[in-house]
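Below, each value reflects all heavy atoms present in this structure, side chains not excepted, and no hydrogens, waters or symmetry copies. Throughout, numbering of the chain's residues begins at 1 and tracks the sequence. Keep in mind that this is a model prediction, so the values were computed, not measured.
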Amino acid sequence: MGIYDAILIPGGGVRERGELPLWTQRRLNHAIENHQDAYLIPLSAGTTHKPPPLDAQGYPIFESVAAANYLIQRGVNSTTILVDTTSYDTIGNVFFSRVIHIEPLQLKRLLVVTSEFHMPRTKAIFEWIYRLEGLPQDHQISYETVSDDGIDKAVLEARQQREEKSLKTLLETAGKIHSLRDFHQWLFRDHGAYAMAARVVRESGQVLGSY
């Protein structure tokens, strides 16, 4: 038995023809190194900030499916890969992977792998959602980062500023929402990526290069 039941890899964007950016490849490579017999769970359908790339038949390429293909091409058995084709941001990554995969399979020992620039907010989201009243509280979650080296400096600085601002907003929101019921109502009533009545705010400029 390995150290972890599952390794979760938050989405980091997908390019034309299903190619993955450097930072996403690093996350996946680190997950492979720690794989053993754990499930590998690449996350994200895509992003609200730009349209998805299309395959040769004109269908959208989901980020998590592109990541799964990357894992398979590097020798990972497809039966150990679980994808999330529902979420469009990190909050969705965490919530939907929990209700779709983690709880049904009773996976308890989890490793989260993401980039340095992305980890503070990612960790805060996991700690928030995994403490919601109405859900089991017996998970063991570890966190490991991969380097930001090689990311365009202007893009990285823009994304770091975006992450800092978003983390502050997240903590304010999390401080008001403590139960699964309240979280569900907020997600589908107020969150721009999931609520029918909410206005989606899309990124532009340098930061868009990090999605």
*asked:* Is any side-chain heavy atom of H139 closer than 4.5 Å to one of R109?
replied: no

*If we only count heavy atoms from C-beta on, is the R98 to Y130 side-chain gap below 4.5 Å?*
yes

_Heavy-atom side-chain proximity of L110 to Y4 below 4.5 angstrom_ = no

*How far does OG1 of T80 sit from CG of D37, to the nearest 0.5 angstrom?*
9.5 Å

*asked:* Distance check, rounded to the nearest 0.5 Å: Q25 atom CD versus I32 atom CD1?
replied: 10.0 Å

*Min side-chain heavy-atom separation Y59-L54 under 4.5 Å*: no

*Any side-chain heavy-atom pair from N29 and Y70 closer than 4.5 angstrom?*
yes

*Nearest-0.5 Å distance, CG of residue L43 to CD of residue E63*: 9.5 Å

*Under 3.5 Å, is there a donor-acceptor pair linking the side chains of S87 and D84?*
yes

*Can you list every pair that meets salt bridge (charged side-chain N to carboxylate O under 4.0 Å, His left out) and has a residue in residues 16-28, with sequence neighbours left out?*
R17-E19

*Quick one: do V65 and T85 satisfy side chain to side chain contact (heavy atoms under 4.5 Å, CB included)? Show the steps, please.*
CA-CA 8 Å; V65 173; T85 57; 4.0 Å; yes

*For L135, does its backbone N or O pair with a side-chain atom of Q137 as donor and acceptor, under 3.5 Å?*
yes

*If you measure only the distance, is there a donor-acceptor pair under 3.5 Å linking the side chains of H101 and S97?*
no

*Start with the C-alpha gap between R15 and L20, add the side-chain angles, then the distance that decides, and say whether side chain to side chain contact (heavy atoms under 4.5 Å, CB included) holds.*
CA-CA 6 Å; R15 305 295 185 253; L20 299 171; over 6 Å; no

_Can a donor-acceptor pair be found, under 3.5 Å and without considering hydrogens, that links the side chain of S44 to the backbone of G46?_
yes

_Flag if over 12 foreign heavy atoms under 6.0 Å of CD, Q106_ = no

*Out of curiosity, L28 CG to I9 CD1, how far, rounded to the nearest 0.5 Å?*
5.5 Å

_Which atom of G18 lies closest to which atom of I61, heavy atoms considered_ = N-CD1, 3.5 Å

*Assess whether side chain to side chain contact (heavy atoms under 4.5 Å, CB included) is satisfied between V146 and V113, documenting all intermediate values.*
CA-CA 7 Å; V146 296; V113 176; 4.1 Å; yes

*CD1-CG distance between I102 and L82, expressed to the nearest 0.5 angstrom*: 8.0 Å

_Where T86 and A45 come nearest, the two heavy atoms and their spacing_ = N-CB, 3.9 Å

*Using distance alone, with no hydrogens and no angle criterion, decide if H30 and T145 have a side-chain donor and acceptor under 3.5 Å apart.*
no

*Are V76 and L105 joined in one hydrophobic group, where the rule is that I, L, V, M, F, W and Y side chains link up if heavy atoms are under 4.5 Å apart?*
no

*CA sep, side-chain torsions, deciding dist, call: F117, I151, side chain to side chain contact (heavy atoms under 4.5 Å, CB included)*: CA-CA 11 Å; F117 73 80; I151 302 176; 3.9 Å; yes

*Grab the two heavy atoms, one from F126 and one from V112, that are nearest each other, plus how far apart they are.*
CZ-CG2, 3.6 Å

*Rounded distance [0.5 Å steps], NZ in K176 versus OG1 in T173*: 6.0 Å

_Pair Y194, F96 - check ring-ring contact (aromatic ring centres under 6.0 Å, His included), show working._
CA-CA 12 Å; Y194 309 104; F96 289 112; 5.5 Å; yes

*Taking all non-hydrogen atoms of both residues into account, name the closest pair between W128 and I177 and its distance.*
NE1-O, 3.0 Å

_Between H191 and D89, a side-chain donor and acceptor under 3.5 Å_ = yes

*Y39 and I7, any side-chain heavy atoms less than 4.5 Å apart*: no

*So, for P21 and G13, which heavy atoms are closest and what is the spacing to 0.1 Å?*
CD-O, 3.2 Å

*asked:* I need the minimum non-hydrogen distance between F183 and I91, along with the two atoms involved.
replied: CZ-CG2, 3.8 Å

*Which residue pairs pass the salt bridge (charged side-chain N to carboxylate O under 4.0 Å, His left out) test when at least one of the two sits in residues 120-146, sequence neighbours left out?*
K108-D138, R121-E163

_V83 and P42, any side-chain heavy atoms less than 4.5 Å apart_ = yes

*Applying side-chain hydrogen bond (donor to acceptor under 3.5 Å, both in side chains), which residue pairs with at least one partner in residues 178-188 are found, sequence neighbours left out?*
S179-D182

*Does a side-chain heavy-atom distance below 4.5 Å link D148 with W23?*
no

